Amino acid sequence: MTKKLTFKESMFIGSMLFGLFFGAGNLIFPVHMGQESGSAVFWANLGFLVTGIGLPFLGVIAIGVSKTSGVYELAERIGKKYALVFTVLLYLVIGPFFALPRLATTSFEIGLAPFIQAKQQHVFLVIFSILFFFTAWWLSRRPTKILDYVGKFLNPAFLILLGILLVLAFIHPLGAIDQATVQPSYQEHAFFTGFTQGYNTLDALAALAFGILIVTTIRNMGVTKPSEIAKDTIKSGAISIVLMGIIYTLLAYVGTMSLGGFALSSNGGIALAQIADHYLGTYGSILLALIVILACLKTGIGLITAFAETFTDLFPKRNYIVFVTLASALACLVATVGLTNIIQISLPVLMFIYPLAMTLILLVLVGPLFKQRPAVYRMTTYFTLIASILDGLNACPDGIKQTSFVKTLLDFATNYLPFFKLGMGWIVPALIGLVIGLIWSMVKKETPVVE
């Protein structure tokens, strides 16, 4: 008899997936976007939801319908060498080099830094990072327990604490939404600005990375038939995505309303701290510290586990615990440079890799229409890669952008590449690559990869 998940089991996996997705960035970026977009928050939030929950859900669906266990198997349709490089780069971005250290620095700067003198903060950041990643390492050693740690315990506790703050903010709003000032970047293209802000959550990348955890968890619960695993993967993804969309929207509107009591802050963490202090005083600061640390810890467990399981498959000469330790140690080291530096360094890399991840997800979903022919995957990816490099360069610091060669490239892209100014210059090249790939596969009568 084919095993099927019960509704309760699906809810637990959905809770686990939400918990893995929803880290510190998911808390601070919607709030800051709400402040910057002001009365245009509806359109900004709509754009944010497309990349913040729409793309991650498509990523989960791609893992499900493709009946694969992770990003490497998906990217193999482009080529084995590309799959290896792309998978390693993606896991380094959402793992020890960017997303993981950002979890520790964000939880420290929002949750603990307000209680520590400025000159002592770096020392305490180092101590906190060691404790944070030791805890995450300890809880990541047994991947079969991730459903219990995240889905059944950490995530419900996080939702209860966050719910208290959100309820207070809406019962006693600080200001009116229609009177909130709209910042220049949102005045003309609120939707598209919100769209690119959704990149910062890293969730489209995380959807591909967490695929291996979802599939493994479902298998561990006794489901072995590929079609049932696919259905349960999509069902669990739907549960987590709906919950994320609701919370993103609430946080964005709380950010907009906060302008009635506070000036525009430099990041969402500062705004959240001000809001929590306004409603609950010192208790609010403690509540926010618990919210942020829980959010970061549960996501950290998921990222370390996904990193270690994937790298164990890619490099089987090393065992799981080696990669758990490597991810934790590297992330702890990078975390000591501070949140602001991590965000500045990560933005160009995100702008480079995000289009490649998005086109891969979309190609997998529409793959049955062109019978998964490799030429379509390759050509679309090659053309997207060119635009991704330009998008990445455009997000670099001025010191790099102002060099003569880079400036020439960016001037050309600005003048001739549609949507480049909006941070989506990859769209037209991807479409051109898709068309060329279709024509090429027909001329060569290429054999389908998947019948």
Side-chain angles (χ1 to χ4, degrees), residues 58-97 204-216 219 226 229-230 233 303 305-320 322-323 326-327 349 352-389 392 426 429-430 433-434 436-451:
L58 291 181
V60 172
I61 294 174
I63 295 292
V65 300
S66 65
K67 299 181 176 64
T68 61
S69 60
V71 62
Y72 179 79
E73 289 184 43
L74 292 181
E76 264 191 319
R77 299 176 183 192
I78 300 162
K80 288 185 179 296
K81 290 182 179 178
Y82 176 85
L84 180 61
V85 173
F86 178 77
T87 302
V88 170
L89 180 59
L90 184 144
Y91 274 95
L92 289 175
V93 168
I94 67 163
F97 286 170
L205 306 183
L208 296 175
F210 288 148
I212 191 170
L213 298 184
I214 305 167
V215 172
T216 300
R219 284 175 179 163
I229 292 175
T233 298
L303 290 176
T305 303
F307 178 94
E309 290 198 346
T310 299
F311 272 63
T312 302
D313 288 341
L314 294 177
F315 309 103
K317 291 184 179 180
R318 297 288 183 268
N319 62 29
Y320 173 82
V322 169
F323 289 113
L326 179 65
V349 182
F352 168 75
I353 198 171
Y354 238 96
L356 297 172
M358 287 190 283
T359 51
L360 177 60
I361 290 170
L362 294 173
L363 285 170
V364 171
L365 294 177
V366 301
L369 299 178
F370 57 85
K371 298 183 179 180
Q372 309 287 8
R373 299 182 192 274
V376 181
Y377 277 92
R378 289 172 185 151
M379 289 298 177
T380 305
T381 301
Y382 295 158
F383 276 79
T384 303
L385 180 61
I386 297 170
S388 294
I389 293 171
W426 58 273
L434 176 66
I436 293 175
L438 288 169
I439 295 172
W440 183 272
S441 65
M442 291 177 186
V443 171
K444 293 292 185 179
K445 297 181 179 179
E446 195 174 32
T447 304
V449 171
V450 181
E451 298 290 348

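Position 1 is the first residue of the sequence; numbering continues from there. Quick caveat: nothing in here was measured; it's all calculated off a predicted structure.
Between Leu208 and Ile63 the shortest heavy-atom distance is O-CD1, 4.3 Å. Between Val364 and Leu74, the shortest heavy-atom contact is CG2-CD2, 3.8 Å. Across all their heavy atoms, Ala430 and Thr359 have their closest contact at CB-CG2, 4.0 Å. Here the shortest heavy-atom pairing between Ala83 and Glu76 reads CB-N, 3.5 Å. Contact between Ala327 and Pro96 at its shortest, heavy atoms only, is O-CB, 3.7 Å. The minimum heavy-atom distance between Tyr82 and Ala75, with the atom names listed, is CD2-O, 4.2 Å.
A donor-acceptor pair under 3.5 Å is absent between the side-chain atoms of Thr87 and the main chain of Leu84, judged by distance alone.
A side chain to side chain contact (heavy atoms under 4.5 Å, CB included) with Thr310 is found for exactly one of Phe323, Tyr72, Tyr91, Phe315, namely Tyr91.
At least one side-chain heavy atom of Ile436 sits less than 4.5 Å from a side-chain heavy atom of Phe383. Residues Val322 and Phe311 are not in side-chain contact: their nearest non-hydrogen atoms beyond the backbone lie 4.5 Å or more apart.
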Query - Verdict with supporting geometry, Leu356 and Thr381, side chain to side chain contact (heavy atoms under 4.5 Å, CB included) - result: CA-CA 7 Å; Leu356 297 172; Thr381 301; 4.2 Å; yes
Query raised in the report: Ile386 and Trp426: side chain to side chain contact (heavy atoms under 4.5 Å, CB included), yes or no, with the steps?
Result: CA-CA 8 Å; Ile386 297 170; Trp426 58 273; over 6 Å; no
Query raised in the report: Checking side chain to side chain contact (heavy atoms under 4.5 Å, CB included) for the pair Phe352/Leu89: CA distance, chi angles, key distance, verdict?
Result: CA-CA 11 Å; Phe352 168 75; Leu89 180 59; 3.8 Å; yes
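Partners of Tyr377 according to the side-chain hydrogen bond (donor to acceptor under 3.5 Å, both in side chains) rule, which considers only residues two or more places apart in sequence or in another chain, are Arg77, Gln372.
Note: Ile389 CD1 to Thr384 OG1 = 11.0 Å, rounded to the nearest 0.5 Å. Distance CG/Leu360 to CG/Leu365: 9.5 Å, rounded to 0.5 Å. To the nearest 0.5 angstrom, Leu90 atom CG is 4.5 Å from Ile353 atom CD1. Of the inter-residue distances, the one linking Leu385 atom CG with Thr380 atom OG1 reads 12.5 Å to the nearest 0.5 angstrom.
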